[in-house]
Peer 1: 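Dropping a structure here in structure tokens format, bear with me for questions.
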Amino acid sequence: MLTLSEVKSISGYVGNFNVKVVKKARLVDEKECTACGDCTRECPVVKPDEFDMGLSSRKAIYLPFPQAVPSAYVINREECLGSNPIICGKCIKLCKKGCIDFDMKDEEIEFKVGTIVVATGVDVYDPSEMDEYGYTRYENVITSMEFERLINAGGPTKGDIIRLTDRKVPQSIAFIQCVGSRSVDKGGTYCSNICCMNTVKDTLMLKEHYPEMDVKVFYVDIRAFGKGFEDLFKRSKGEGVRYIRGLPGQIKEDPHTRNLVLSVENTATNKLLEHEVEMVVLSLGVKPCEDIKETQEMLALQRTSDGFYLEAHPKLQPVDSATKGIFFAGCTESPKDIKDSVTQASASAARAMRLMNSGEITVEAITAEVIKDKCEFCGICVRVCPYNAITMDKDNKIPAQVTQAACSGCGTCAAECPTNAISMRHFTDSQIEGQIDSLLEEKPAEKVLVFACNWCSYAGADFAGVSRLQYPSNARLIRTMCSGRVDKKFIWRAFEKGAPVVLVSGCHFGDCHYIDANHWTKKRVDKVWKKMKKLGIRPERLQLEWISAAEGIRFSNVMKRMEELRADVTPEEIEDTRKILQESN
Amino acid sequence: MSEISSANGELRIGVYVCHCGLNIAGTIDCEAVARFAEGLADVVISRDNQYLCSEPGQQLIQDDIREHHLNRVVVASCSPRLHEPTFRRVCSESGLNPYLMEMANLREQCSWVHTNQPREATEKAKDLVKMAVSRARKLQPQEELKVPIIKSTLVIGGGVAGIQAALDLADSGYQVYLVEKKPSVGGIMAQLDKTFPTMDCSI
């Protein structure tokens, strides 16, 4: 277990990932520390306690929370005054076991793993931007996370729900649902899944602590779909909690009583009413965690428009990522409650074990092979390979060699090789050319030829299908594993055979499943555009688009635009291009 | 490279057009596509079928491979991203190298996206099958490489999901590296008091 640690880099492939982790200096020996707490006694630094949502304070040396694992104190280096005895260093003297070590350095740890489980979780929505609820202005408007800390017997108030303005138990309380959820302009557009039931739970706890308290819940829909959920909801209503359909338009504070007035249209009765309560709890939704993008780029994973990770298949592979050997657990894939998180975690553990159990995995036979007598030792393949899987000895004229276990089959080397000395197993030149030729055999002027990479663009096209998005029927896709496989000669061949337009499509930069192979796609297409210009062929007839697996809408829009471009190409222009290309050969 | 072929060197391709219930057949005239494929060079048999991924559908292809000595198979159905492993297995179980199977995507990339254009969708389906057949002609048998897998897992994130995944793996004897950014594991769940639906403590 590595706490205070962050993954810095991951390279390799399923079965053999190289991981680098930076373990930040805790400045307290976590094995020796007994969590006695002596060290905090004289620490002069007082900071808001994050665990208690800032409702209590802690020192610069602290235990994150009583049941923390590891059960060891930690020093926040940014807050600590330092070990210099002139300035501070008090904790060092107080720790009798001598666990505190200011010379502790960040450690870089490297190891290899066969599989990866991504369980990076979510962040809770910050309601500061929702000015209508006045979270930043009214102290008696709190969040559901702050409520959790208040009602917790181990929390700052030892379990008492009190108003922050007068420390009195409120006689009336209102919960507002969908804060940061199901909204087009603030927070997420999706349902955060957990907030309805969390509020139902909160109301039951309130009624248990304070049976007389007037508790209201303002909601859009109460989603109590899980096992045992409806029972809890009924129990809450039975306890006298009032559920009112409609969200407040705004909250105003009475400056004398510090009570809150909610203006709400009850959408069940269509009546505009004002409700005065002593305290308001905003039931917060969740959003993808702050650093999800870093992990996503490190692992070349994909996310949906909501920002959560995209699974390999929504029903049949719900915990697999599209990259073999990487699995999802918990809210990082979508908001979910504890039970679903645990279920998914066990599922991803089982999926990882299924891969590792036999001790070996089969690698799809789509790797590169060198045709030795064609190799002229230029070394381009060595340079473009994202995996450093190719070696060559120029001086001794030893042809390029591919390490099969390291090759992932993107095909960039084959596309870049000037002497056609590299053949991609299962994606050979002749196989792809066969597809191009048969597509353009009849009525070529009516067709839109699309090269689509397996992981993003082809998957995006599939997603457009699953979403039943309609687009012009003349699009024809040729699948390659990576857009890096699309050789210049495929594009020229298509134009020579009468293609009016050609689209090359791949993953967005940073999303490429072959690290950065799509950068070579871009460079190559740039070269083709330049040559088209030189030859007098309109470069617009070749398009390059990055379409992710989650961008079905984008795919269908690109197809519509390709059809517009196609319609602009006249038969004379196609014929001219054919002549130009035949002559230039 | 020599192309795999029957004893006398000819290519023998079987084409299978799937209805997928009405998912494909509701838009595309599958029978017409199958008839069209019959006329393509090297195609020795072409059929349409209700559900090729079902047991009887798979059996049909396997019987044909044996009976008609097929050395290439083209399945025109859903996305290869869904059922390529299925149909590769169907081939290898009947002795045909799985890399001699090719798919044409008639569902996600045709019937579902041209629902209201049955005529055009059928024409496109024919094109897609034709492209798949021409690719199939050039396919070569491949041997898959087996590489060792390291029996350890990296779990990124020590919330309830990360902890559960790490425990399941560790309890089953795998080495687990659980990496947590914060000084303690526990995540958001540790901050909660009671949890639904059981109304018990979170820690």
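These values consider heavy atoms only, across backbone and side chains, with no hydrogens, waters or symmetry-generated copies.
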Peer 1: Please classify the contact of A/Phe555 with chain B as side chain, backbone, both or neither, using a heavy-atom distance under 4.5 Å.
Peer 2: neither
Peer 1: Would you kindly check if the NZ (Lys) or CZ (Arg) of B/Arg88 is within the cone defined by 45 degrees around the ring axis of B/Tyr99 and under 6.0 Å from the six-membered ring centre?
Peer 2: yes
Peer 1: May I ask you to check whether A/Asp462 and B/Asn105 show a side-chain donor-acceptor distance below 3.5 Å?
Peer 2: yes
Peer 1: For the candidates A/Glu50, A/Lys447, A/Gln344, which exhibits the highest count of non-hydrogen atom pairs separated by less than 4.5 Å from chain B?
Peer 2: A/Lys447
Peer 1: If you count the non-hydrogen atoms of other residues, nucleotides and ligands that lie under 6.0 Å from CZ in B/Arg119, is the total more than 12?
Peer 2: no
Peer 1: A/Thr295 versus chain B, heavy atoms under 4.5 Å apart: side chain, backbone, both or neither?
Peer 2: side chain
Peer 1: Assess A/Arg479 against A/Tyr458: is NZ or CZ under 6.0 Å from the centre of the six-membered ring, and within 45 degrees of the ring's axis?
Peer 2: yes
Peer 1: With a 4.5 Å cut-off on side-chain heavy atoms, are A/Glu30 and A/Thr3 touching?
Peer 2: yes
Peer 1: Given a strict heavy-atom distance threshold of 4.5 Å, which part of A/Asn357 is in contact with chain B: side chain, backbone, both, or neither?
Peer 2: both
Peer 1: For the residue pair B/Asp64 and B/Tyr16, confirm or rule out a side-chain donor-acceptor distance under 3.5 Å.
Peer 2: yes
Peer 1: Given heavy-atom pairs under 4.5 angstrom as the criterion, report whether the side chain, backbone, both or neither of A/Asp340 touches chain B.
Peer 2: neither
Peer 1: Quick one: what part of B/Ala190 sits under 4.5 Å from any heavy atom of chain A, side chain, backbone, both or neither?
Peer 2: both
Peer 1: Does A/Phe427 have B/Arg135 sitting over its ring (NZ/CZ under 6.0 Å from centre, angle to axis within 45°)?
Peer 2: yes
Peer 1: Pick whichever of A/Ser341, A/Ala352, A/Ala459, A/Gly330 has the most heavy-atom pairs under 4.5 Å with chain B.
Peer 2: A/Ala459
Peer 1: Between the side chains of B/Glu108 and B/Arg81, is the shortest nitrogen-to-carboxylate-oxygen separation below 4.0 Å, so that they form an ion pair?
Peer 2: no
Peer 1: So which part of A/Ala350 gets closer than 4.5 Å to some heavy atom of chain B, the side chain, the backbone, both or neither?
Peer 2: neither
Peer 1: May I ask you to decide if A/Ser473's main-chain N or O and A/Arg476's side chain share a donor-acceptor pair within less than 3.5 Å?
Peer 2: yes
Peer 1: Tell me, side chain or backbone of A/Gln435 under 4.5 Å from chain B's heavy atoms, or both, or neither?
Peer 2: both
Peer 1: Sort out for me which of A/Phe111, A/Phe229, A/Phe51, A/Phe65 touches chain B most, counting heavy-atom pairs under 4.5 Å.
Peer 2: A/Phe111
Peer 1: Which atom pair, heavy atoms only, marks the closest approach of B/Pro80 to B/Met103?
Peer 2: CA-SD, 3.6 Å
Peer 1: Cut-off 3.5 Å, no hydrogens considered: what does the side-chain donor-acceptor table look like for residues 23-36 of chain B, sequence neighbours left out?
Peer 2:
from    : atom 1 : to       : atom 2 : distance (Å)
B/Asn23 : OD1    : B/Trp112 : NE1    : 3.2
B/Asn23 : ND2    : B/Cys20  : O      : 3.3
B/Asp29 : OD1    : B/Glu31  : N      : 3.4
B/Asp29 : OD1    : B/Ala32  : N      : 3.1
B/Glu31 : OE2    : B/Arg35  : NH1    : 3.3

Peer 1: Less than 4.5 Å to any heavy atom of chain B: does that hold for the side chain of A/Val19, its backbone, both, or neither?
Peer 2: side chain
Peer 1: Among A/Ile151, A/Ile361, A/Ile366, A/Val74, who wins on heavy-atom pairs under 4.5 Å with chain B?
Peer 2: A/Ile361
Peer 1: Measuring heavy-atom distances to chain B, does A/Thr115 have an atom under 4.5 Å in its side chain, in its backbone, in both, or in neither?
Peer 2: both
Peer 1: Output the option from B/Pro148, B/Gly162, B/Cys110 having the highest count of non-hydrogen pairs under 4.5 Å with chain A.
Peer 2: B/Pro148
Peer 1: Are there over 12 heavy-atom neighbours, none belonging to A/Lys336, within less than 6.0 Å of that residue's NZ?
Peer 2: yes
Peer 1: Classify the side-chain pair A/Thr120/A/Thr332 by whether it contains a donor and acceptor separated by less than 3.5 Å.
Peer 2: yes
Peer 1: Answer with side chain, backbone, both or neither: which region of A/Val122 has an atom nearer than 4.5 Å to a non-hydrogen atom of chain B?
Peer 2: both
Peer 1: Under a 4.5 Å heavy-atom cutoff, which of B/Pro98, B/Ala165, B/Gly159 has the most pairs with chain A?
Peer 2: B/Ala165
Peer 1: Tell me, out of A/Ser346, A/Ala68, A/Ser348, A/Ala464, who's got the most heavy-atom pairs with chain B below 4.5 Å.
Peer 2: A/Ser346
Peer 1: In terms of side-chain geometry, is the basic nitrogen of B/Glu38 or B/Arg47 positioned less than 4.0 Å from the acidic oxygen of its partner?
Peer 2: no
Peer 1: Measuring heavy-atom distances to chain B, does A/Tyr471 have an atom under 4.5 Å in its side chain, in its backbone, in both, or in neither?
Peer 2: both
Peer 1: If we define contacts as heavy-atom pairs under 4.5 Å, which of B/Lys146, B/Gln164, B/His114 has the most with chain A?
Peer 2: B/His114
Peer 1: Under a 4.5 Å heavy-atom cutoff, which of A/Ser556, A/Ala461, A/Gly226 has the most pairs with chain B?
Peer 2: A/Ala461
Peer 1: Does any backbone or side-chain atom of A/Lys227 lie under 4.5 Å from a heavy atom of chain B? Answer side chain, backbone, both or neither.
Peer 2: backbone
Peer 1: Looking at B/Ile163, B/Asp168, B/Val147, which one has more heavy-atom pairs under 4.5 Å with chain A than the rest?
Peer 2: B/Val147
Peer 1: Let's test your reading of the structure: which of B/Leu178, B/Leu154, B/Leu82 forms the most heavy-atom pairs below 4.5 Å with chain A?
Peer 2: B/Leu154
Peer 1: For chain A, find which of B/Gln191, B/Glu120, B/Lys194 contributes the most heavy-atom pairs closer than 4.5 angstrom.
Peer 2: B/Gln191
Peer 1: Could you pull out the closest heavy-atom pair between B/Thr153 and A/Val113, with the gap in Å?
Peer 2: C-CG1, 3.8 Å
Peer 1: Measuring heavy-atom distances to chain B, does A/Val342 have an atom under 4.5 Å in its side chain, in its backbone, in both, or in neither?
Peer 2: both
Peer 1: Other residues, nucleotides and ligands only: do more than 12 of their heavy atoms fall within 6.0 Å of NZ on A/Lys112?
Peer 2: yes
Peer 1: Does any backbone or side-chain atom of A/Leu316 lie under 4.5 Å from a heavy atom of chain B? Answer side chain, backbone, both or neither.
Peer 2: side chain
Peer 1: Between B/Gln117 and chain A, which part of the residue has a heavy atom less than 4.5 Å away: side chain, backbone, both or neither?
Peer 2: side chain
Peer 1: Taking B/Asp42 as the fixed residue, which of B/Arg12, B/Arg137, B/Arg72 is the one that meets the salt bridge (charged side-chain N to carboxylate O under 4.0 Å, His left out) rule?
Peer 2: B/Arg137
Peer 1: Measure A/Arg26 against the heavy atoms of chain B and call it side chain, backbone, both or neither at under 4.5 Å.
Peer 2: side chain
Peer 1: With a 4.5 angstrom heavy-atom cut-off, could you sort out which part of B/Tyr177 is near chain A: side chain, backbone, both or neither?
Peer 2: side chain
